[in-house]
Asks: 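Below are the structure tokens for one structure; questions will follow.
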Number of protein chains: 2
Amino acid sequence: MSSRTVSNVVNGYAKVTDRTRERVQRAVEELGYRPNVLARNLAQGKSGQIALVVPYLDTPYFSELLQSVLRAARAAGYTVLIDQTDGDPEHERAFIAHGSRRLLFDGVIFSPLGLDQMALADRDPSLPLVILGERSSDGTFDHVGIDDVAASRQATDHLLGLGRRRVAAIGDQPYATGEAAQLRTRGFREAHEARGQAVHEDLVIGTPRFNRPDGAHAMARLLDLEEPPDAVFCYSDLVALGAIHTIVSRGLRVPEDIAVIGYDDIEEGAFSNPTVSTVSPDKEWIAATAVERLLLRITSPTPPPGLELRAPHRLIIRESSAR
Amino acid sequence: MSSRTVSNVVNGYAKVTDRTRERVQRAVEELGYRPNVLARNLAQGKSGQIALVVPYLDTPYFSELLQSVLRAARAAGYTVLIDQTDGDPEHERAFIAHGSRRLLFDGVIFSPLGLDQMALADRDPSLPLVILGERSSDGTFDHVGIDDVAASRQATDHLLGLGRRRVAAIGDQPYATGEAAQLRTRGFREAHEARGQAVHEDLVIGTPRFNRPDGAHAMARLLDLEEPPDAVFCYSDLVALGAIHTIVSRGLRVPEDIAVIGYDDIEEGAFSNPTVSTVSPDKEWIAATAVERLLLRITSPTPPPGLELRAPHRLIIRESSAR
DNA sequence: CTACGATTTTGCAGCGCTGCAAAGACAGCA
DNA sequence: TGCTGTCTTTGCAGCGCTGCAAAATCGTAG
């Protein structure tokens, strides 16, 4: 009973007689043998791990996503290693750049924040990569995300359809790394155009990030205007929650005085007061697809073409923008 | 220039002449050499990874914790591998039981939910382990957590101090795996005793988990009572947010009609409407201490004694229980 | 110029597994 | 019984690194 035979049995590989299989299994049982993952990794040159790299882990959107990624990876026998970049371009680059720590993981699902399209191109081409969010694929990796422009157009149109005429947008980021924000702003504008309405440029507010304090501050600025908005399209649910916090603390009502819609559909928005209307991306679909494509990329002998994968999304109308 | 010498330089080890060091570094640079982590792992029998195992990753408390753990681990040159157990006892056991996948990680920071003290004892004793939450140490692992009884006593006392006389508790779990809940219930009772008040037994409500829907349902049951409570101590902030959601949707006011206090101090509670009073455990301290103890346990030749480490906590009073 | 101790470099073995190809076992048929 | 073809088992090499001990080098003293 050679070690090689044991290996065959343990891995379910190859042709093994039922008799041998049983004998080995009994021995394994008795001796409490456990295969050494490290040795297997070395011999195969693979780690059986994938990395999920996101800017912030305490952002509900990402932690909800992480959960789904974890599930999908586990189903395929992979473990998940995580890292948070804080949006730091250097840190982000290190992860995808030439080799770096490589080998710890067989592939990466990456949600870039600080890296623009240029920096993304300069990467280790042998590292299987799936990008989430708003960088478009250059053909060497897959990109999974919803159609931001369309979703933003729908959200904005919903507010305009309510009869609101001074619709604000919170979250614009008019610089190279703010692609996601810019797509949403584009959708915001398209919705106005489609209805023949002019965008109130003073109501388009930028924020450094997409979290609660950002939303709260931006909203305060909007309320300080001579003519405050009567509706707000927020580029994330957290921004929306921050904005609502400010509105309410100023004694105004949502949605009566100001209607609000967010983006991401985090659970929190379904229980807040008021509940928050939102653009709901299908996170389960995104996670499952990202993992599936990544594993394909890892196991495929020839690199598959880089795909642009559009996840489904829908508008969820709750109290914050009810009629 | 042997491979062994390169190894010495790369690891900063041993006595190496400046001249050799330089020569090696130049070569490394030119050839773009990267050490193979997998091989090093095998040779050393370590993986340089620690695992963080929690019941739910989309719970803000855990994702905020994860973030701090990640930071601490990274500072020590370790990568973090995560797993979510969904509170499944089998899954939890597999992680700490004899060997299991072992070797993928050098140690585990574990927040058990489905495992009682008994099951916890039956584990691979060679696996460095730090427990978070409410299992007490049996001397072979460290335990990090706040003093739940004291914290709960303080929270309840705060409500009683507001002059409220019908104080409810949401989150009790009177079964083996509900230790955390039971400690909080004990604190709840102690606070009543200290003030010579009787606990209204019908106002102590159990919940299967500690999330928003649980809080919302439990609150609905409380409001359906003949004599509803005028204050509620919730065993998590999510429960509190769910409860507030129900209260408000029934047309009642927080804190005027019902005061609410939660537990965990998640960011959400600072921006909700109303903002939520809470028991704030020092998460940064917990994460840093857990990682520190775990690494000590991993690197120490003789296993250090299992410590009970009490993290600091404080009461944060916000709108939901303002006077 | 040789000898010796101290320091740096090198070589070898081995971590435990898998890929590959050779060896062995077995069954069928002449 | 002997031979062939097929299927199963085995042995060896090697993944790339580190621990250990031997070999080489260097500096200094006799």
Side-chain angles (χ1 to χ4, degrees), chain A residues 1-49 77-79 98-107 124 126-128 298-301, chain B residues 1-49 77-79 98-107 124 126-128 298-301:
Chain A
M1 202 162 68
S2 78
S3 70
R4 185 64 255 226
T5 304
V6 176
S7 170
N8 284 339
V9 172
V10 170
N11 292 293
Y13 275 172
K15 307 103 205 313
V16 181
T17 327
D18 286 349
R19 215 176 70 84
T20 344
R21 181 186 314 282
E22 231 167 277
R23 251 166 21 105
V24 170
Q25 278 169 341
R26 186 146 359 97
V28 163
E29 200 87 4
E30 276 177 27
L31 302 175
Y33 165 82
R34 300 278 147 190
N36 182 315
V37 201
L38 266 33
R40 175 185 313 187
N41 288 350
L42 177 58
Q44 296 191 144
K46 306 206 157 191
S47 66
Q49 300 191 142
Y78 276 73
T79 50
H98 312 279
S100 80
R101 310 179 154 206
R102 197 54 199 296
L103 286 172
L104 263 182
F105 40 83
D106 300 335
D124 176 358
S126 72
L127 174 65
I298 289 171
T299 52
S300 167
Chain B
M1 200 163 66
S2 79
S3 70
R4 185 63 253 224
T5 304
V6 176
S7 171
N8 284 338
V9 172
V10 170
N11 292 292
Y13 277 171
K15 306 106 206 308
V16 181
T17 327
D18 286 350
R19 213 176 72 84
T20 341
R21 182 185 313 284
E22 230 167 280
R23 245 162 30 100
V24 170
Q25 278 169 340
R26 188 148 356 101
V28 162
E29 200 87 4
E30 274 177 29
L31 302 173
Y33 165 81
R34 302 279 147 192
N36 181 317
V37 200
L38 266 32
R40 174 186 314 188
N41 288 349
L42 177 59
Q44 296 191 145
K46 306 208 157 188
S47 65
Q49 300 191 142
Y78 277 72
T79 49
H98 310 279
S100 83
R101 311 182 154 204
R102 199 52 201 297
L103 287 172
L104 263 182
F105 39 83
D106 299 335
D124 175 0
S126 72
L127 174 66
I298 289 172
T299 52
S300 166

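Chain A is the first sequence line, chain B the second, and so forth, proteins listed ahead of strands; every chain is numbered from 1. We use all heavy atoms of the structure for the numbers below, so side chains are in, but hydrogens, waters and symmetry mates are not. No experiment lies behind these values; they were computed from the predicted model shown.
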Asks: Students often get this wrong, so: under 4.0 angstrom with heavy atoms, is B:R4 touching a base, only sugar-phosphate, or nothing?
Replies: base
Asks: With rounding to the nearest 0.5 angstrom, report the CD to OG1 distance, A:Q49 to B:T79.
Replies: 7.0 Å
Asks: Expressed in angstrom and rounded to an integer, what is the separation of A:R34 atom CZ from C:dC17 atom P?
Replies: 12 Å
Asks: Check the side chains of A:R40 and A:N36 for a donor-acceptor pair under 3.5 angstrom, ignoring hydrogens and angles.
Replies: no
Asks: Write down the distance between CG (B:N8) and C1' (C:dT8), rounded to a whole number of angstrom.
Replies: 9 Å
Asks: What's the CZ-C1' distance between A:R40 and C:dC15, to the nearest Å?
Replies: 16 Å
Asks: If every non-hydrogen atom of B:F105 is compared with every non-hydrogen atom of B:S47, which pair is closest and at what distance?
Replies: CA-OG, 3.3 Å
Asks: Would you call A:L42 and A:L38 a side-chain contact if the rule is heavy atoms closer than 4.5 Å?
Replies: no
Asks: Closest heavy-atom contact between B:G107 and B:L127?
Replies: CA-CD1, 4.2 Å
Asks: Among the nucleotides D:dT9, C:dC15, D:dC17, which one has an atom lying closest to any side-chain atom of B:N36?
Replies: D:dC17
Asks: Give A:N41 one of three labels, base, sugar-phosphate or nothing, depending on what nucleic acid heavy atoms sit under 4.0 Å from its own.
Replies: nothing
Asks: Do the side-chain N or O atoms of A:T5 get closer than 4.0 angstrom to the phosphate oxygens (OP1, OP2) of D:dT10?
Replies: yes
Asks: Whole angstroms only, please: what is the CG-P distance between A:L42 and C:dG16?
Replies: 12 Å
Asks: Tell me: CZ of A:R19 to C1' of C:dC26, nearest whole Å?
Replies: 13 Å
Asks: Name the residue closer to the 5' end of DNA chain C, choosing between B:Q44 and B:T17 according to the nucleotide with the nearest heavy atom.
Replies: B:T17
Asks: Under 4.0 Å: is that the gap between some side-chain N or O of B:N11 and OP1 or OP2 of D:dT18?
Replies: yes
Asks: Between C:dG16 atom P and A:K46 atom NZ, what is the distance in whole Å?
Replies: 24 Å
Asks: Calculate the interatomic distance between B:D18 atom CG and C:dT9 atom C1'; express it in whole Å.
Replies: 15 Å
Asks: Heavy atoms from C-beta onward define the side chain here; which of D:dT9, D:dC17, C:dG16 lies closest to that of A:V16?
Replies: D:dT9
Asks: Nearest whole angstrom, please: distance from the P of D:dT25 to the CZ of B:R23.
Replies: 12 Å
Asks: Nearest-nucleotide wise, let me know which of A:A39 and B:S2 is further upstream toward the 5' end of DNA chain C.
Replies: B:S2
